[in-house]
Each structure stands twice: as C-alpha cells, then as structure tokens.
Amino acid sequence: MEERVPIRSNEKAGKGRAKAYPELRAMCLEYRFWPRQQLLVDDLATLVHSSATPVREAVARLAGEGLIDAIPNRGYFAKALSAADMQHNIALMFMLLRNVVERPDILAAWKDPADDRSPHTCEDAMAASELLFRGLAALGGNQALTAQGNRILDFTRFVRRLDLEEPRAEASMRALTEDLRGRLVEGDAAAARAILDATELEVLARLGAVVAEGLVRSMPDDVDTRPTASPVRAFLAPS
C-alpha cells in the first residue's frame, strides 16, 4: 500500500524547477494527498525541494488539467477519488478503442507493440494492457485522440492498479489482454470488439469496490481532519 505523502524536508534536496510539475502531477494521479486537502504553495515547495515560483506554475497547470481544484479566493485543493469520474473515463477509453478496431483500414495497419514476456505481477499485467491500449489509441494517427487516450490511462492508473491487486482480476485482465493481442494480429475486428466489451464490463463491475478501497487508502489516520485544518501544516510540525 502507498504511504501518505509526508510533507517534510527529509528527502534529497535539489529537485528544482524541472521536477516540480512531474512530481506533483504523479502525486495527484496516485491520490497521495488527502481528499480535499488544501495545497499550499509554500508547503508543496518544501515537499519537492523547490522554490515557490515553479510550484505556483505547477499547481496552476495541474488545475488546468483538472487534476486539482482551483477555488477562487480560497486556493488549490486535492481532488477526492470519484467513482463517477472514473466510470466516465473508463467508458471513454473503451469507446476510443472500439472506434479504432471497428475500422478495417486502420486495423490492417496493426503491429503488436508488446514483447513476448508473460506478465507475472499486477504491475506487469497493467503495463502489458497499457502498452496494448496506447498502441491502439495511436493506430489511427489522430494526435488529439492519442493524447486523450494517454490522458485517460494516466487518470485511471490508480484504480486500475488497485483492481489488479486482486489475483482473479489480474488473471482475467492478463487473459483478456493476450486474447485481444491475438485477435488484433489476425485482423478479427468483431472478436476484438467483443473482447473490449467484455473487458469494460468486468472493469466497471468491480469499480465500486475498487474506488471504496481507494478512498480508504487516501484518508488520514491520526491527525486532525476538520475542514479548517491543514493536513500539510500538520505534517510540517516537528515530529
């Protein structure tokens, strides 16, 4: 299980401007801030060992991407994990993939991007499915759709990883991914569509329980969680 992000200056220094945005973006995608936690620039700068200016630029960019909330006259706040948002993103991802496999002219150009190693862990299974999905999203040559597909994979990675921690879910995803690879190589659009439909139904059926687990993991354990409290400040207190 991922540990809650301690906002302390006990990590290696010198991460600077270049790393402020990718580090904070990764933390948001992993829901490593508490739900609705206020994200104060000075505290985030301490976390990533940066000055305030690149962090201010980073949080503005993250708000523009919809990864955090910007509330006028109040500041920036971490998002809470939302089943509705995840369902929307997952449904959109499969819609994009189906749009590709249903076009014979595009499917004929398919080249399997995966290697021949069988996945042995949930991380392997997720990496294999992502490689396949990214390859499909890029197949049509539409850069906007490719970017949207990559964005959705980023936004849903946290719940997809939690889902694949369950052995039966991991085994099912591994089998479906391998089956889809085979049908794509054969150019069998109907079978590929059927596999995508089945995979989407499976993922959505488990989504409620997965999001519930994600919410538990993203909740604080032992500090004041009143709305007026700042968990960031609490972490900054001397231990």
Side-chain angles (χ1 to χ4, degrees), residues 2-93 95-96 126-127 130-131 133-134 137-138 141-162 211 214-215 217-220 227 229-236:
E2 292 275 50
E3 295 183 359
R4 197 78 0 237
V5 175
I7 308 236
R8 300 172 178 151
S9 53
N10 60 353
E11 299 176 1
K12 187 179 293 185
K15 296 193 174 179
R17 177 182 298 270
K19 292 189 177 181
Y21 167 74
E23 286 193 1
L24 292 173
R25 186 175 191 272
M27 292 174 189
C28 291
L29 290 171
E30 292 291 333
Y31 292 88
R32 297 182 66 194
F33 297 108
W34 300 340
R36 310 303 179 194
Q37 175 178 341
Q38 186 171 15
L39 302 176
L40 303 174
V41 169
D42 288 346
D43 296 332
L44 295 177
T46 299
L47 172 62
V48 298
H49 300 281
S50 174
S51 62
T53 298
V55 169
R56 192 174 292 110
E57 294 170 354
V59 293
R61 186 174 174 184
L62 293 170
E65 293 179 20
L67 286 173
I68 61 177
D69 291 324
I71 302 178
N73 302 317
R74 291 191 60 191
Y76 297 102
F77 294 82
K79 282 186 173 291
L81 183 60
S82 164
D85 287 348
M86 287 297 159
Q87 182 174 2
H88 170 78
N89 278 301
I90 289 169
L92 182 57
M93 177 177 70
M95 183 183 73
L96 293 175
M126 188 169 70
E130 284 197 359
L131 185 63
F133 290 173
R134 289 185 195 278
N142 187 315
Q143 294 184 353
L145 288 180
T146 300
Q148 178 71 353
N150 289 335
R151 179 177 179 272
I152 292 170
L153 286 173
D154 284 346
F155 278 29
T156 58
R157 185 171 294 113
F158 178 70
V159 294
R160 288 185 293 109
R161 180 181 293 115
L162 286 182
V211 169
L215 286 170
R217 296 193 186 191
S218 63
M219 289 300 293
S230 170
V232 184
R233 295 292 187 190
F235 271 129
L236 282 171

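Any value given below was found using the heavy atoms of this structure, including those in side chains, with hydrogens, waters and symmetry copies removed. Quantities reported herein were computed from a predicted structural model and do not represent experimental measurements.
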Discussion item. Just verifying a value: how many Å separate Phe158 CZ and Arg217 CZ, rounded to the nearest 0.5 Å?
Written reply: 7.0 Å
Practice prompt. Please identify each residue that fulfils side-chain contact (heavy atoms from CB on, under 4.5 Å) with Ala60, with sequence neighbours left out.
Written response: Tyr76
Worksheet entry | All side-chain hydrogen bond (donor to acceptor under 3.5 Å, both in side chains) counterparts of Asp69, not counting sequence neighbours | Arg36, Lys79
Worksheet, complete the sentence: The side chain to side chain contact (heavy atoms under 4.5 Å, CB included) partner of Leu24 among Leu67, Leu62, Ile68 is Leu62
Practice prompt. Identify, with sequence neighbours excluded, every residue that meets side-chain contact (heavy atoms from CB on, under 4.5 Å) alongside Ala45.
Written response: Val55
Worksheet item: Run the side chain to side chain contact (heavy atoms under 4.5 Å, CB included) check on Leu47 and Met27 step by step: do they pass?
Response: CA-CA 11 Å; Leu47 172 62; Met27 292 174 189; 3.5 Å; yes
Discussion item. Could you work out, with side-chain hydrogen bond (donor to acceptor under 3.5 Å, both in side chains) as the rule, every residue matching Arg56, not counting sequence neighbours?
Written reply: none
Discussion item. So, using side-chain hydrogen bond (donor to acceptor under 3.5 Å, both in side chains) as the criterion, who are the partners of Glu65 when residues are at least two apart?
Written reply: Tyr21, Arg25
Worksheet item: Could you give the distance from OG1 (Thr156) to CG (Leu162), rounded to the nearest 0.5 Å?
Response: 11.5 Å
Worksheet item: In Å, rounded to the nearest 0.5 Å, how long is the span from CD of Gln143 to CG of Asn150?
Response: 11.5 Å
Item to complete: Please report the C-alpha distance between Phe77 and Gln37 in whole Å, then the side-chain angles of each, then the deciding distance to 0.1 Å, and finally whether the side chain to side chain contact (heavy atoms under 4.5 Å, CB included) criterion is met.
Response: CA-CA 5 Å; Phe77 294 82; Gln37 175 178 341; over 6 Å; no
Worksheet item: What heavy-atom pair brings Leu145 and Leu96 nearest, and what distance separates the two atoms?
Response: CD2-CD2, 3.5 Å
Side chains of residues 83-92: which donor-acceptor pairs under 3.5 Å do they make with residues two or more places apart or in other chains?
residue : atom : partner : partner atom : Å
Asn89   : ND2  : Asp85   : O            : 3.0

Worksheet item: How far apart are the closest heavy atoms of Ala20 and Ser50, and which atoms are they?
Response: CB-OG, 4.3 Å
Practice prompt. Apply side-chain contact (heavy atoms from CB on, under 4.5 Å) to Arg157 and list each qualifying residue two or more places apart in sequence or on a separate chain.
Written response: Met126, Glu130, Arg134, Asp154, Arg160, Arg161
Item to complete: Would you name the heavy atoms of Thr146 and Ala137 that are closest together and state the gap between them?
Response: OG1-O, 3.3 Å
